[in-house]
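Below: one structure, written as structure tokens.
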Amino acid sequence: MMLLAMVLAGALAGTGLLLVIRGAVGTTTPLDTLVAELHRSRGGLADDSFASRRFIERLAGSETSNRASDLAILERSLDKYVQDRFTWALLGAAPGLAFWLLATTGALTVVPNGLLLAAALLGAAAGWLYARLDMHSDAEKARREFRHALAAYLELVAILMAGGAGVETAVYDAASAGRGSSFRHIRAALTAAQTRRHEPWSFFGDLGMQLGVGELIELHSSMTLAGDGAQVRSSLGAMASGMRRRDLAQIETQAQSKSEAMVLPVALMFAGFLVLIGYPALAALSTT
């Protein structure tokens, strides 16, 4: 028992001595150093982030409203756009670089190395510029999908209002029923209007300008001019049917253009088939 008491006393004495030594010569940061760190300027980090942002903007090219609306409808950032430009540039330069590597190893000696490098540079430039066209094509496809979703949304609002729901109730309930990026944009505009205690459709015009969708601007104007619930319902139904008709006309026009574009390949295939059949007879006549 006496031995246990002596061990405990020694442990407590050693612990106390250790704490005293650490307090006297420890590595605790002085208070004035902590205060100076709190008041230290962070300008270097801000300058680095600002410089990197300016560099990305320079790589992306000049800012235009069309590019901003394309990025908004696709929900892409400027960094992703620059990354896509580098990807397309690398894909465009890949054939020329591959042939240049073959030429440097001696496997390909027909084309000069300088010409192969020039082809690689031209391919990189073409890919760099094509990235903008590719993004615009994706944005137009996203806008068509948004118009389809908007027409369905308007029809659903009209159905809810015909069932006895109020204008605001129908507008918010119809937006919550949909899924996808289109309905997400609509819900964001409705939430912004609800937060600022404005009319539900008050931010549709701004959303239409941001996304490049003119139907949203028309919706904002028609809803602003409409008075009571009956006029709102009739206006929404007319706008939804008009959007459906325009979509059908656009689809028919695209199908017609694709059918006309197939005429030339079919004609070339038929001409090749005739040459394949007639060549043996012509060869036999020429040899006799």
Side-chain angles (χ1 to χ4, degrees), residues 48-149 180-182 185 208-214 246-247 249-272 275:
D48 293 342
S49 61
F50 179 75
S52 62
R53 196 70 213 167
R54 289 294 301 272
F55 180 67
I56 291 175
E57 290 177 356
R58 288 179 181 272
L59 290 177
S62 59
E63 176 69 24
T64 59
S65 58
N66 292 332
R67 191 188 72 183
S69 60
D70 290 345
L71 290 174
I73 192 67
L74 294 173
E75 297 181 336
R76 294 180 186 175
S77 62
L78 199 63
D79 300 344
K80 180 64 169 60
Y81 172 59
V82 173
Q83 180 181 353
D84 291 340
R85 299 195 86 173
F86 275 109
T87 302
W88 281 110
L90 181 60
L91 290 176
L97 291 176
F99 283 114
W100 178 75
L101 290 176
L102 291 176
T104 54
T105 57
L108 181 65
T109 59
V110 179
V111 184
N113 293 344
L115 185 60
L116 292 176
L117 286 177
L121 291 177
L122 289 176
W128 184 268
L129 297 176
Y130 177 76
R132 178 69 185 93
L133 300 177
D134 181 67
M135 186 181 71
H136 184 68
S137 176
D138 294 341
E140 289 298 324
K141 186 184 299 183
R143 288 188 181 96
R144 287 194 297 269
E145 294 177 356
F146 189 93
R147 293 185 183 98
H148 288 303
S181 61
S182 303
H185 285 299
M209 295 179 63
Q210 179 185 358
L211 302 181
V213 180
R246 285 197 297 268
D247 289 339
Q250 185 179 6
I251 291 173
E252 291 177 357
T253 303
Q254 291 177 354
Q256 185 67 25
S257 63
K258 290 180 180 180
S259 299
E260 293 176 356
M262 287 298 296
V263 172
L264 181 60
V266 172
L268 292 177
M269 289 177 61
F270 183 70
V275 171

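These numbers come from a predicted model, not from an experiment.
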(message) If I take atom NZ from residue K80 and atom OG1 from residue T87, how far apart are they, to the nearest 0.5 angstrom?
(response) 7.0 Å
(request) Verify side-chain contact (heavy atoms from CB on, under 4.5 Å) between H148 and S182, making sure each step is shown before the conclusion. (result) CA-CA 9 Å; H148 288 303; S182 303; over 6 Å; no
(request) Could you tell me which non-hydrogen atom of S181 sits nearest to which non-hydrogen atom of E75, and how far apart they are? (result) CB-OE2, 3.9 Å
(message) If I take atom CG from residue L74 and atom NZ from residue K141, how far apart are they, to the nearest 0.5 angstrom?
(response) 10.5 Å
Quick one: side chains of residues 121-138, donor-acceptor pairs under 3.5 Å with protein atoms, not counting sequence neighbours, listed by atom name and distance.
residue, atom, partner, partner atom, Å
R132, NH1, D70, OD2, 3.0
R132, NH2, D70, OD2, 3.1
H136, ND1, D70, OD2, 3.1
D138, OD2, R76, NH2, 3.3

(request) Please round to the nearest 0.5 Å and tell me the distance separating atom CG of L116 and atom CG of L97. (result) 9.5 Å
(request) Working to the nearest 0.5 Å, report the span between CG of L78 and CG of L71. (result) 6.5 Å
